[in-house]
Amino acid sequence: MMIAVRLFARARDLAGRDMLPVELPAGATVADLRQSIRLACPALTDLLARSRIAVGDDFAEDETKLTAGVDVAIIPPVSGG
Amino acid sequence: MMIAVRLFARARDLAGRDMLPVELPAGATVADLRQSIRLACPALTDLLARSRIAVGDDFAEDETKLTAGVDVAIIPPVSGG
Amino acid sequence: MIQLTNEPIDHNALTELVRRPGCGAVVTFLGTVRDLTGDQVTVALDYDAYPQMAERKFAEIEAEVRSRWPVGEIALVHRLGHLDIGDVSVAVAVSCPHRHQAFDACRFAIDQIKELVPIWKKENWADGRTEWVHPGAG
Amino acid sequence: MIQLTNEPIDHNALTELVRRPGCGAVVTFLGTVRDLTGDQVTVALDYDAYPQMAERKFAEIEAEVRSRWPVGEIALVHRLGHLDIGDVSVAVAVSCPHRHQAFDACRFAIDQIKELVPIWKKENWADGRTEWVHPGAG
């Protein structure tokens, strides 16, 4: 399945785009996604390591399974307020 | 010396006036003043027991000496805010 | 900035007054007249003060707050006279570089006001009775 | 009441919005753009957000605050886009029956916002450089 990973803030600047398409097998988890993001865009590796992944607009764990069409985003450490 | 004791809130209602004149000897303290207030206006006795006395616009102790012309007031427990 | 006033408190002006470029946090507290005290219905309050001593105590509280926290500006205003339900009786606005400083400073200021400033309120109960409030006993 | 907006925050309207006859305390927090971060001079900030997730997190924070304190009303507003020094970036206004409830609720809400809501700021330093702020490491 194709997952379109949304990028914000420094992640967007590092990747030079606001969406990173990643191809994953059915049943893939967030941990698999992290590995695929590093391969698709090595510039994100360091920031990704200290970012959370959001699935369906909420924070997900590495074990969370992905499904086609779900919203996925890299959430670097936040700095609102 | 004559001390004009300012009365506020329930103290004013209990005394039916906003100023209570009290005659005290030179060198009298706040403790002496309290005794003279009770004699001059017994209705104030209970509230006075849980009130502070202000001398010169600040809280005073029972040992504080009074001087002619200084501002003196009964400060019942406050309830501003 | 310290004020005792018989007019409605323009709390927005106080908040604006304390904003500073070097202060990333502003905390404003408003005390408003509540319709219930326990299970008794209040219809209005009257506030009385010993004005010159109240202003002195306000000044001491401002100085104490400034000595404890890096205050950009602080405003302490208390209204006197007759207030209806919902009216603002007291406002404290504080700016500091960081938010926890501003929260702590604002809270300390209003706690001190309620403890030290010679101001008294008279409840006007729904049944027509009135009662000066002197905490600590009947 | 929750809002993400590109317009200036009308914090006075938020404070008025949360006032309630049953609530004797209103606490309003404003986060404003500071001119100094450590010893670095900021000239402006840009705020970015993941909007639908930010709104979801705001709603969760509002629900959590309401579950912990007897809130009359609460308003959580964050501004996005380009902000100058002194501009209000975030506002939290809360009313409760008593003041310590309102202080605790307001402080908890802004602490949670800064921890959980996917919003990011970019510093615009005086020397022309810009830098996304991602706390916790370089």
Side-chain angles (χ1 to χ4, degrees), chain C residues 9-16 18-38 41-45 70 72-73 83-114 121, chain D residues 9-16 18-39 41-45 70 72-73 83-111 113-114 121:
Chain C
I9 295 175
D10 183 352
H11 58 83
N12 185 46
L14 301 178
T15 299
E16 291 298 335
V18 304
R19 287 173 62 181
R20 290 288 181 280
C23 290
V26 175
V27 174
T28 300
F29 170 80
L30 305 182
T32 62
V33 179
R34 210 147 35 95
D35 55 6
L36 284 177
T37 299
V41 178
T42 299
V43 295
L45 294 179
E73 189 51 88
L83 277 72
D84 294 314
I85 299 302
D87 285 351
V88 177
S89 55
V90 62
V92 177
V94 186
S95 62
C96 287
H98 299 288
R99 72 187 186 283
H100 287 178
Q101 299 161 344
F103 274 108
D104 288 345
C106 187
R107 188 169 178 150
F108 177 82
I110 181 63
D111 285 353
Q112 291 287 99
I113 288 170
K114 294 182 80 92
K121 70 178 169 188
Chain D
I9 295 176
D10 182 352
H11 58 83
N12 185 46
L14 300 179
T15 299
E16 291 298 334
V18 304
R19 287 173 63 181
R20 291 288 180 281
C23 289
V26 175
V27 174
T28 300
F29 170 80
L30 305 182
T32 62
V33 180
R34 211 146 35 95
D35 56 5
L36 284 177
T37 298
D39 54 1
V41 177
T42 299
V43 295
L45 294 180
E73 189 51 88
L83 276 72
D84 294 314
I85 300 300
D87 285 350
V88 177
S89 55
V90 61
V92 177
V94 186
S95 61
C96 286
H98 299 288
R99 73 186 185 282
H100 287 178
Q101 299 160 344
F103 275 108
D104 288 345
C106 187
R107 188 170 180 150
F108 176 83
I110 182 62
D111 285 352
I113 287 170
K114 292 181 81 89
K121 68 178 169 189

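Fair warning: this is a prediction, and the values are worked out from it, not measured in the lab. Convention: sequence-line order gives letters A, B, ...; per-chain numbering from 1.
- In this structure, chain D has no heavy atom under 4.5 Å from any part of C/Val92.
- D/Val33 touches chain C through its backbone: at least one of N, CA, C or O sits under 4.5 Å from a heavy atom, while the side chain does not.
- Looking only at side-chain heavy atoms (C-beta outward), D/Glu16 and C/Asn12 stay at 4.5 Å or farther from each other.
- With a 4.5 angstrom heavy-atom cutoff, D/Asp104 touches chain C via backbone and side-chain atoms both.
- Using a 4.5 Å cut-off on side-chain heavy atoms (C-beta onward), C/Thr28 and D/Thr15 make no contact.
- Interface residue D/Asp87: only backbone heavy atoms are found under 4.5 Å from chain C.
- Heavy-atom distances place both the backbone and the side chain of D/His100 under 4.5 Å from chain C.
- Note: D/Phe29 and C/Phe103 have parallel aromatic rings, judged against thresholds of 30 and 60 degrees for the angle between ring planes.
- Only the side chain of D/Arg19 comes within less than 4.5 Å of a heavy atom in chain C; its backbone stays farther off.
- Of the listed residues (C/Val88, C/Asp111, C/Val90), the one with the most heavy-atom contacts under 4.5 Å to chain D is C/Asp111.
- Put simply, the side chain of D/Thr32 never gets that close to the backbone of C/Arg20: no donor and acceptor are under 3.5 Å apart.
- Heavy-atom pairs under 4.5 Å with chain D were tallied for C/Ile110, C/Leu36, C/Asp35, C/Thr42; the largest tally goes to C/Asp35.
- Nearest approach of C/Ile85 to D/Pro21, heavy atoms of both residues: CG2-CB, 3.8 Å.
- The SG atom of C/Cys106 lies 10.5 Å from the CZ atom of D/Arg99; values are rounded to the nearest 0.5 Å.
- Top candidate by heavy-atom pairs under 4.5 Å with chain D, chosen from C/Ala102, C/Ser89, C/Pro97, is C/Pro97.
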